[in-house]
Undergrad: 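Take a look at the following structure, please.
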Amino acid sequence: MSATTRVRAVLPVVVVDYALTHIGYFVVMPVLPLMLAASLEAQDATWIGLCLGALSLSMRGGSLFVSGWMHRSSVRRLVTVGPILVALGFTVTAYSASPIVVLVALILAGLGFSINGTAVRGYVALRLEDRAAQNTAFSIIQIVVNVAAAVGPIIANLLLDSAWFRMTLVGSAGLFLVAAVVVPCTTPRGSHLAEGATRPPLKLLLVRDLIVDPKLRRLTAVVLAGGFLYGQFFSSFAVMVNEATAEPLLRAGFYTVNAVLVVAAQMLVTTQVNRLMKGGATSVQVLVVGVLLFGGAFALLAVGGGGIAMAYVAIVVFSLGETVYAPMVNTAFVEASEGRPVVEALNLRQVAAATGEGLGAAAGGWLYWEMTSVGREPLYWGALGLFALLTLPMLVNRTRSEPRGR
């Protein structure tokens, strides 16, 4: 069976799952803080932060705590249970005014999202052993996510104008329930995440391997750097655009342009990346190229004097970096974790990416404000551009390997 045929075989699961779950996700996330403020208005604002933080942590790391059960389960079961948990969590959030109940409900929703995402990516990794085929499938995921990112916020803001907070959550829960019914029907029977594994996955001890294992350590360093820069997208970038213009369409367009560019360019970039890998380029080298493009976007902001026009130019370069970087993170961790259970490989990816993005978002939400208050924004952007250059030594191919195939 050719690589193209194998990729087509996994597409029903990938496209249907990510379309339904991520439209549901992006319908809720742009207005969730306002929903929580309305439903928890009698509570201290700290509860809103706790609820949002708990949801984010659970979404990114929830699968760590159920990895043994996931390892033993079929993909069909996981893509059923995961969306049901999200639907349950969002429904409870819609109808509860208790901060503790909402906190637990959002943790449950995040866990379901983490289970579902890990299951689908694991299914891709098991069915596609060739690096180029994996990268193509993960690129299609990236396209679907960005289409959802363009459509979801429009729906959210239409509902927001009508103050239909509760209906937004309930409608999103409905999409996740549809996914729980439809996606298992597209998943072949007998697909288990334990396929080919000789042991159960590590849990919290896998963090040690990110530091001790030479291949993982090198990859983790690049992903931490890339995640830190990627984390600026909804932090310092958002502040910059809001300060550059008060025009709502220009503010919204900044993110729409990103989504449209990723959708338009992703497969063209993926084709070129796959050719590079067939020519001997490693996954780490491809990731470094993406990180350097992120750095180029920040360098443009540093020398461009600010303003909305330069912000749009920077987002074009940033989006190009995203098309190179984001799909390859999955492929790189699956490749570097060869011989490990697939759940463990994807949990390693979760830890590294979440740590980098979390630190980046925190820096963007704190340090950029500090620099803005003293008129030193170019210094912040320039520092990010220089930070990206620290990954340049990783372009040296120390672990050349031949592309794998069936």
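All values derive from a computational prediction rather than experimental measurement.
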Undergrad: Examine distances only and state if a side-chain atom of Ser319 and a backbone atom of Ile315 form a donor-acceptor pair shorter than 3.5 Å.
TA: yes
Undergrad: With Thr323, which residues qualify under side chain to side chain donor-acceptor pair (under 3.5 Å), at least two apart?
TA: none
Undergrad: Is there a side-chain contact (heavy atoms from CB on, under 4.5 Å) between Val102 and Val92? Walk through the geometry before answering.
TA: CA-CA 7 Å; Val102 170; Val92 171; over 6 Å; no
Undergrad: Side chain of Ser74, backbone of Arg77: donor and acceptor closer than 3.5 Å?
TA: yes
Undergrad: To the nearest 0.5 angstrom, please state how far the CD atom of Gln134 sits from the CG atom of Asn330.
TA: 9.0 Å
Undergrad: Any side-chain heavy atom of Phe90 sitting closer than 4.5 Å to one from Leu32?
TA: no
Undergrad: Should we say atom CH2 of Trp369 is surrounded by more than 12 heavy atoms from elsewhere, each under 6.0 Å from it?
TA: no
Undergrad: Please round to the nearest 0.5 Å and tell me the distance separating atom CE of Met328 and atom OG1 of Thr270.
TA: 8.0 Å
Undergrad: Search all heavy atoms of Val317 against all heavy atoms of Leu293 and return the closest pair with its distance.
TA: CG1-O, 3.4 Å
Undergrad: Is it true that a side-chain atom of Asn146 and a backbone atom of Gln142 form a donor plus acceptor pair closer than 3.5 Å?
TA: yes
Undergrad: Looking only at side-chain N and O atoms, does Glu335 offer a donor or acceptor that is under 3.5 Å from a partner on Thr331?
TA: no
Undergrad: May I ask you to test the Tyr230-Val291 pair for a side-chain heavy-atom distance under 4.5 Å?
TA: no
Undergrad: Quick one: does Gln285's side chain have a donor or acceptor within less than 3.5 Å of a partner on Leu395's backbone?
TA: yes
Undergrad: Working to the nearest 0.5 Å, report the span between CG of Leu219 and CE of Met394.
TA: 9.5 Å
Undergrad: Does Tyr95 form a side-chain contact (heavy atoms from CB on, under 4.5 Å) with Val170? I'd like the steps, not just the answer.
TA: CA-CA 9 Å; Tyr95 289 97; Val170 172; 3.8 Å; yes
Undergrad: Would you indicate whether the side-chain heavy atoms of Glu322 and Asn258 approach each other to under 4.5 Å?
TA: yes
Undergrad: Looking only at heavy atoms, what is the nearest atom pair of Asn347 and Ser63, with distance?
TA: OD1-OG, 2.7 Å
Undergrad: Could you go step by step and tell me if Leu64 and Val351 meet the side-chain contact (heavy atoms from CB on, under 4.5 Å) rule?
TA: CA-CA 9 Å; Leu64 278 171; Val351 171; 3.8 Å; yes
Undergrad: Are Ile211 and Thr220 close enough that some pair of their side-chain heavy atoms sits under 4.5 Å apart?
TA: no
Undergrad: Check step by step if ring pair (Phe, Tyr, Trp, His ring centres under 6.0 Å) holds for Tyr368 and Phe237.
TA: CA-CA 9 Å; Tyr368 182 70; Phe237 265 15; 9.1 Å; no
Undergrad: Are Val342 and Thr118 close enough, and set up right, to give a side-chain contact (heavy atoms from CB on, under 4.5 Å), and what steps lead you there?
TA: CA-CA 9 Å; Val342 69; Thr118 301; over 6 Å; no
Undergrad: For Phe318 and Tyr325, I'd like to know if the aromatic rings sit close, meaning centre-to-centre distance below 6.0 Å.
TA: no
Undergrad: If you compare all heavy atoms of Gly231 against all heavy atoms of Ser235, which two are closest, and at what distance to 0.1 Å?
TA: O-OG, 2.9 Å
Undergrad: Quick one, Val223 and Phe333 - any side-chain contact, counting heavy atoms below 4.5 Å?
TA: yes
Undergrad: Let me confirm one number: the OG-CD1 distance from Ser67 to Ile115, rounded to the nearest 0.5 Å.
TA: 10.5 Å
Undergrad: Which heavy atom in Asp130 sits nearest to a heavy atom in Ala133, and how many Å separate them?
TA: OD2-N, 3.0 Å
Undergrad: Among Lys215, Arg217, Arg340, which residue meets the salt bridge (Lys or Arg N to Asp or Glu O under 4.0 Å) test with Asp209?
TA: Arg340
Undergrad: Can you tell me if Ser58 uses its side chain to pair, donor with acceptor, with the backbone of Ala54 under 3.5 Å?
TA: no
Undergrad: Counting neighbours of CG on Leu250 that are heavy atoms of other residues, nucleotides or ligands and sit closer than 6.0 Å, is the number greater than 12?
TA: yes
Undergrad: To check you understand the geometry: which heavy-atom pair defines the closest contact between Arg76 and Cys185, and what is its length?
TA: NH2-O, 4.4 Å
Undergrad: For Phe26 and His22, take the angle between the two ring planes, folded into 0 to 90°, and tell me which bin it lands in: parallel under 30, tilted 30 to 60, perpendicular over 60.
TA: tilted
Undergrad: Distance-only, no hydrogens or angles: does the Ser373 side chain make a donor-acceptor pair with backbone N or O of Glu370 under 3.5 Å?
TA: yes
Undergrad: Can you name the side chain to side chain donor-acceptor pair (under 3.5 Å) partners of Glu195, sequence neighbours left out?
TA: Arg127
Undergrad: So does Gly110 get a backbone contact from the side chain of Ser114, meaning a donor-acceptor N/O pair under 3.5 Å?
TA: no
Undergrad: At their closest point, which heavy atom of Glu344 faces which heavy atom of Pro201, and how far apart are they?
TA: OE1-CA, 3.3 Å
Undergrad: Mind checking the OG1-CZ spacing from Thr91 to Arg166? Nearest 0.5 Å is all I need.
TA: 11.5 Å
Undergrad: If you define the side chain from C-beta out and look only at heavy atoms, does anything of Gln232 sit under 4.5 Å from Tyr380?
TA: yes
Undergrad: Could you check if a side-chain atom of Ile308 sits within less than 4.5 angstrom of a side-chain atom of Phe254, using non-hydrogen atoms only?
TA: no
Undergrad: Contact between Pro341 and Leu193 at the side-chain level, heavy atoms closer than 4.5 Å - yes or no?
TA: no
Undergrad: Any donor and acceptor pair, going by atom type alone, linking the side chain of Arg218 with main-chain N or O of Val284 inside 3.5 Å?
TA: no
Undergrad: Distance from Met35 atom CE to Met167 atom CE, nearest 0.5 Å?
TA: 11.0 Å
